[in-house]
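Take a look at the structure set out below.
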Amino acid sequence: MNEYWLFAICVAAFAAQLVVCFWGRRLWLRLLPTLSLVLTGIVFFALFYLTDGNWAWLLLAVILQNATGAAVVAWVVYGGYRLVKKFLSLSSKNT
């Protein structure tokens, strides 16, 4: 993989989303990074079609969609953590 900057963007999105998930109190605050990535990607796709196919907008949209995928993976990690924590608390109450 020669595109280390793309990997760095995805790692940064993953880390930022994971930090917000673990330390954010409200759901809308936890959803804010992912929603902002999705909405910005949609805007870039729209700009690609509105500017007669300027490929720079499409490239930016694809980069943001990769970062959105990393943020979704962070949500999966957070959900798995919460699920395991819930099962462990329920099993400790039953014993």
Side-chain angles (χ1 to χ4, degrees):
M1 181 170 157
N2 292 333
E3 304 298 334
Y4 294 113
W5 57 271
L6 182 60
F7 182 70
I9 290 171
C10 289
V11 167
F14 175 80
Q17 182 64 55
L18 206 58
V19 165
V20 170
C21 278
F22 277 106
W23 283 295
R25 294 280 182 213
R26 300 189 184 272
L27 180 63
W28 68 268
L29 182 65
R30 285 185 251 148
L31 284 173
L32 194 61
T34 305
L35 288 178
S36 65
L37 286 171
V38 168
L39 291 177
T40 309
I42 290 170
V43 167
F44 285 160
F45 271 121
L47 285 173
F48 169 70
Y49 285 111
L50 292 175
T51 59
D52 295 328
N54 187 353
W55 288 92
W57 295 117
L58 184 63
L59 181 64
L60 287 172
V62 169
I63 290 169
L64 280 178
Q65 293 308 310
N66 287 334
T68 304
V72 168
V73 170
W75 269 101
V76 169
V77 169
Y78 176 71
Y81 168 78
R82 291 283 304 247
L83 190 64
V84 168
K85 186 177 172 183
K86 188 174 203 172
F87 281 147
L88 289 178
S89 70
L90 287 176
S91 67
S92 66
K93 287 180 182 178
N94 292 334
T95 58

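Closest non-hydrogen pair, Arg25 versus Arg30, comes out as O-NH2, 3.3 Å.
Leu31 and Tyr78 fall within a single hydrophobic cluster, where Ile, Leu, Val, Met, Phe, Trp and Tyr side chains are chained together by heavy-atom contacts under 4.5 Å. One hydrophobic cluster, built from ILVMFWY side chains closer than 4.5 Å, holds both Leu37 and Leu58. No chain of hydrophobic side-chain contacts below 4.5 Å, direct or via other Ile, Leu, Val, Met, Phe, Trp or Tyr residues, connects Leu59 to Val43. Leu18 and Val11 sit in two unconnected hydrophobic clusters of ILVMFWY residues. Membership requires side-chain heavy atoms under 4.5 Å apart, directly or through other members. The hydrophobic cluster containing Leu27 also contains Leu35, counting ILVMFWY residues as joined when their side-chain heavy atoms lie under 4.5 angstrom apart, directly or transitively.
Each of Tyr49, Phe48, Phe44 was compared with Trp55 under the ring-ring contact (aromatic ring centres under 6.0 Å, His included) criterion, and only Phe48 meets it.
Trp5 has its side chain within reach of Ile63: a pair of non-hydrogen atoms, C-beta onward, lies under 4.5 Å apart.
Going from atom CZ of Phe45 over to atom CG of Leu50 covers 13.0 Å, rounded to the nearest 0.5 Å. The line from CG of Leu47 to CD1 of Ile42 is 12.0 Å long, rounded to the nearest 0.5 Å.
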Next item on the list: Could you walk me through whether Cys21 and Gln17 pass side-chain contact (heavy atoms from CB on, under 4.5 Å), step by step?
Entry: CA-CA 6 Å; Cys21 278; Gln17 182 64 55; 3.2 Å; yes

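With sequence neighbours left out, Trp23 forms a ring pair (Phe, Tyr, Trp, His ring centres under 6.0 Å) with no residue at all.
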For residues 65-77, tabulate all N or O donor-acceptor pairs below 3.5 Å that involve a side-chain atom, not counting sequence neighbours.
| unit_1 | atom_1 | unit_2 | atom_2 | d |
| --- | --- | --- | --- | --- |
| Thr68 | OG1 | Leu64 | O | 2.8 |
| Trp75 | NE1 | Thr34 | OG1 | 3.3 |

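Using a distance-only test at 3.5 Å, with no hydrogens or angles considered, a donor-acceptor pair links the side chain of Ser36 to the main chain of Pro33.
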